[in-house]
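Before any comments, here is the structure.
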Amino acid sequence: MTSERDFAETVVGLCKKRGFFWGPSPEIYGGSSGLYDLGPLGKLLKNRLESEIRSSFVRANFWEVECPTVSPEIVWKASGHLEGFVDPITRCTKCGQAYRADNLIEEEVPDADIKGLSLDRLAEKIRELGVKCPACKGQLGPVERFNLMLKTRLGLDQDAYMRPETATTTYLIFKRLLTFFRDKLPAAVFQIGKAYRNEISPRQGILRLREFTQVEAQLFILHKDETDWRAFDDIKSYELPLLPYKIQESGSHEVTTFRVSDALRQGHFKTKAYAWCVNLAYQVFRSMGFRPESLRLRQHLPTERAHYAADAWDVEVQTKSFGWVECCGVHDRGNYDLGRHQQYSKENLSVKDGNESVVPNVLEIAFGVERPLFCHIDNAYAEDSERVWLRFPPHIAPVQVGVFPLMGKPELVGPSQEIYDEVLDSGLTTYLDSTGSIGRRYRRQDEIGTPFCVTVDYDSLRDNTVTVRDRDTMEQVRISRPELVGILLKLVKGKATIAALKEGQPATI
RNA sequence: GCGCCCGUUGUCUAGGGGCUAUGAUGGAUCCCUGCCACGGAUCCGGCCCGGGUUCGAGUCCCGGCGGGCGCACCA
């Protein structure tokens with residue numbers, strides 16, 4: 001545990017030092033917890049992750065939309081967030097300790113039936129059952145509501161809230177989407193954008209934020225299509241690392257690799273469409289560059305599920321800082337959301353299913369970007385006796401190529417500048433550095449995870465070649481200038497390796 | 001929100017009433033340097049914020065903000 005914490009501190013220290021993230025923000029005013037700034041490298045990394053996420057969903061036939069981050073109060077009344085996205089809090093009148101009223105009652109009187117009680121009824125219940133403050137046995141005060149949404153105002157007098165999830169704002173445009181999809185379901189849409197949660201006590205740095213970037217994909221689907229989902233056939237033989245709730249209940253946390261079709265047959269997933277979504281969530285995380293060994297899919301225990309959810313699986317990433325970190329939820333939201341918005345807006349949000357008019361169901365994949373971002377840095381961290389480096393997969397590394405003259409001599413700096421411009425033009429994120437010793441420059445790039453460094457030396461001037469160095473092995477290979485950009489692009493895409501390029505080349509560089 | 005501990009250059013850190021706040025690392029400029037933190041010169045940068053005690057406060061006290069751990073919370 002202590003070593004985990006030390007590790008987290010080391011990683012966070014590196015992140016602050018090198019410009020991945022800073023905070024809590026605003027630092028010069030002392031900071032406000034749960035708010036962080038992304039530095040240049042963190043923003044590059046986040047952009048790379050988002051672009052992988054985006055192309056994964058696009059490949060799965062999802063279409064991207066963007067909605068406002070603030071919506072008027074009525075939306076959140078309809079969605080249930082105003083009522084439901086709250087904690088009923090009560091305080092001890094003597095010692096001031098605050099408690100979740102419902103949890104407290106359940107704890108003290110396990111048989112009490114308090115599901116869905118109003119705040120006043122909860123307070124009544126506390127009196128009735130004689131529940132006292134567990135800390136000092138003092139009298140408990142009235143039950144108050146603590147809403148986790150950030151409130152704001154539109155114009156002079158319209159109450160509004162920052163969205164606590166992007167999903168709801170996607171549902172609000174369902175009619176428009178239906179037209180866009182030519183009145184045919186399934187319709188698959190996703191959104192990447194900011195969401196806000198007024199966490200009571202954010203902890204664990206960038207893992208629990210009050211403002212964060214959410215990715216939420218919605219599959220609008222008819223009930224009959226959930227069990228008969230054609231795309232399932234494309235992925236049925238894929239293997240997934242699963243931790244079903246039944247295994248967890250038996251006290252084990254052992255992951256079993258299942259073929260998707262076997263997991264379905266054995267009842268771990270209820271429908272083909274839901275299984276397909278769980279697989280998609282997993283593949284999105286693979287596309288971000290997480291290794292299979294550090295990923296698992298964990299099913300929620302029935303007791304931890306949200307009340308509306310028929311089933312819930314999470315994608316979790318293993319870290320050295322915080323153990324397994326929940327990064328993504330896959331939810332069957334049924335037709336709760338569309339049904340509520342139909343009711344509150346009086347708009348018809350149903351579709352034709354044969355002769356029937358039905359409100360479609362929604363399957364959702366939801367995650368924040370900052371968690372995978374941190375997990376990636378955590379997973380990438382490596383050190384040995386002589387250096388610290390980040391082993392990012394090349395395609396997500398913030399800076400992809402470093403370009404150096406062997407020494408800061410004009411005859412080497414000039415060509416380096418030309419190469420830098422050329423590599424930059426190819427779309428790769430590139431950094432030119434001609435100061436200090438060559439070793440120091442390599443180490444600087446190692447520490448921010450740059451996978452490849454190009455060095456211009458005196459042989460370069462003679463035979464028009466440069467060396468390319470591999471971050472992880474520190475090995476180098478000599479490449480002819482005309483081939484350089486093409487090879488770098490292949491290296492970054494993982495379609496070539498330094499080791500393979502070295503084969504058949506003379507040992508000297 | 002509660003309890004315990006903590007807050008010193010960009011990062012890591014010494015110092016717990018007394019002259020100009022310690023060291024490492026880093027960064028900048030220059031010299032050196034024909035491939036992995038070489039060396040030399042010069043320079044840059046810090047006591048979280050606000051009150052109080054004191055002749056004098058990184059240092060002691062109070063409050064705020066922030067962090068760690070535990071509790072609670074994480075729809």
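First the proteins, then the strands, lettered A, B, ... as listed; each starts at 1.
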key: Y196(A) ring center near Y161(A) ring center (under 6.0 Å)   = no
task = Could you give the distance separating U13(B) and U20(B) at their P atoms, to the nearest angstrom?
result = 27 Å
query = How close or far is atom C1' of U25(B) from atom CG of L14(A), stated in whole angstroms?
reply = 13 Å
inquiry  = Regarding R208(A) and E199(A), does a basic nitrogen lie under 4.0 Å from an acidic carboxylate oxygen?
reply    = yes
inquiry  = Working note: F367(A) + I53(A), criterion side-chain contact (heavy atoms from CB on, under 4.5 Å); need CA distance, chi angles, decisive distance, verdict.
reply    = CA-CA 11 Å; F367(A) 58 98; I53(A) 292 162; 3.7 Å; yes
query = So what's C65(B) paired with, Watson-Crick or G-U wobble, going by both distances under 3.5 Å?
reply = G7(B)
ask   = When you check the gap from the basic side-chain N to the acidic O, do K17(A) and E447(A) get nearer than 4.0 Å?
value = yes
key: Rounded interatomic separation in angstrom, taking CD from E386(A) and C1' from A37(B)   = 9 Å
request  = Round to a whole Å and report the spacing from CZ of F21(A) to P of G10(B).
outcome  = 18 Å
Rounded P spacing from G58(B) to C71(B) in Å = 38 Å
inquiry  = Are Y245(A) and H300(A) an aromatic pair, judged by ring center distance below 6.0 Å?
reply    = no
ask   = NA contact type, R469(A), heavy-atom cut-off 4.0 Å: base, sugar-phosphate, or nothing?
value = base
inquiry  = Only pairs with both distances under 3.5 Å count, Watson-Crick or wobble alike; so what is the partner of A57(B) in this structure?
reply    = none
task = Based on the glycosidic angle (syn within 90° of 0, else anti), state the conformation of G67(B).
result = anti
message = Taking syn as a glycosidic torsion within 90° of 0 and anything else as anti, which one is G16(B)?
response = syn
task = Could you work out which one of G34(B), G66(B), G10(B) sits closest to the side chain of K17(A)?
result = G10(B)
task = Select from P24(A) and I438(A) the residue whose nearest nucleotide in RNA chain B is closer to the 5' end of that strand.
result = I438(A)
Along RNA chain B (nearest heavy atom to each residue), the more 5'-positioned of W22(A) and E165(A) = W22(A)
remark   = note: I448(A), atom CD1; A37(B), atom C1'; distance rounded to Å ~ 15 Å
query = For atom C1', what is the distance between G63(B) and G23(B), given to the nearest Å?
reply = 34 Å
inquiry  = Applying the Watson-Crick and G-U wobble criteria at under 3.5 Å, what pairs with G46(B)? Answer none if nothing qualifies.
reply    = none
task = Give the nucleotide from the list C35(B), G67(B), C2(B) with an atom nearest to the side chain of S33(A).
result = G67(B)
ask   = Does one side chain, of Y36(A) or R210(A), offer a donor that lies under 3.5 Å from an acceptor on the other?
value = no
query = Mind checking who C71(B) pairs with, Watson-Crick or G-U wobble, both distances under 3.5 Å?
reply = G1(B)
inquiry  = Looking at Y442(A) and C35(B), is any side-chain donor or acceptor paired with a base atom of the opposite kind under 3.5 Å?
reply    = yes
ask   = In whole angstrom, what separates D6(A)'s CG from G67(B)'s P?
value = 19 Å
ask   = Would you say G26(B) has OP1 or OP2 under 4.0 Å from some side-chain N or O of R440(A)?
value = yes
ask   = Is there a donor N/O on one and an acceptor N/O on the other, under 3.5 Å, for the side chain of E199(A) and the base of C74(B)?
value = no
message = Over all strands shown, is G436(A) touching base, sugar-phosphate only, or nothing at heavy-atom distances under 4.0 angstrom?
response = nothing
task = Report the nucleotide, chosen from U29(B), A72(B), C35(B), that has the shortest atom-to-atom distance to any side-chain atom of T467(A).
result = C35(B)
ask   = Counting just side-chain N and O atoms, does S437(A) come under 4.0 Å of either OP1 or OP2 of A37(B)?
value = no
query = Expressed in angstrom and rounded to an integer, what is the separation of M474(A) atom CE from C35(B) atom P?
reply = 15 Å
query = How far does the C1' atom of C12(B) sit from the matching atom of G17(B), given to the nearest Å?
reply = 27 Å
request  = Kindly point out which of U33(B), G70(B), C36(B) is positioned nearest to the side chain of R203(A)?
outcome  = G70(B)
request  = Step through it carefully: locate the ring centre of Y381(A), locate the ring centre of W389(A), and say whether they are under 6.0 Å apart.
outcome  = no
Out of C35(B), G34(B), U11(B), whichever nucleotide has its closest atom nearest the side chain of D459(A) = G34(B)
message = Going by ring-ring contact (aromatic ring centres under 6.0 Å, His included), name the residues that satisfy it together with F20(A), two or more places apart in sequence or in a different chain.
response = none
request  = For nucleotides C74(B) and U22(B), find the distance between their C1' atoms and express it as a whole number of Å.
outcome  = 43 Å
message = Using the P atom as the point on both nucleotides, what is the distance between G46(B) and C2(B), in whole Å?
response = 34 Å
ask   = What is the nucleic acid contact for Q204(A), judged by heavy atoms within less than 4.0 Å: base, sugar-phosphate only, or nothing?
value = sugar-phosphate
ask   = U11(B) and U54(B): how far apart are their P atoms, nearest whole angstrom?
value = 36 Å
Inter-nucleotide C1' distance (C65(B), G50(B)), Å rounded = 10 Å
request  = In whole angstrom, give the distance that lies between atom CZ of R441(A) and atom P of A28(B).
outcome  = 12 Å
ask   = How many Å lie between CE on M407(A) and C1' on C31(B), as a whole number?
value = 14 Å
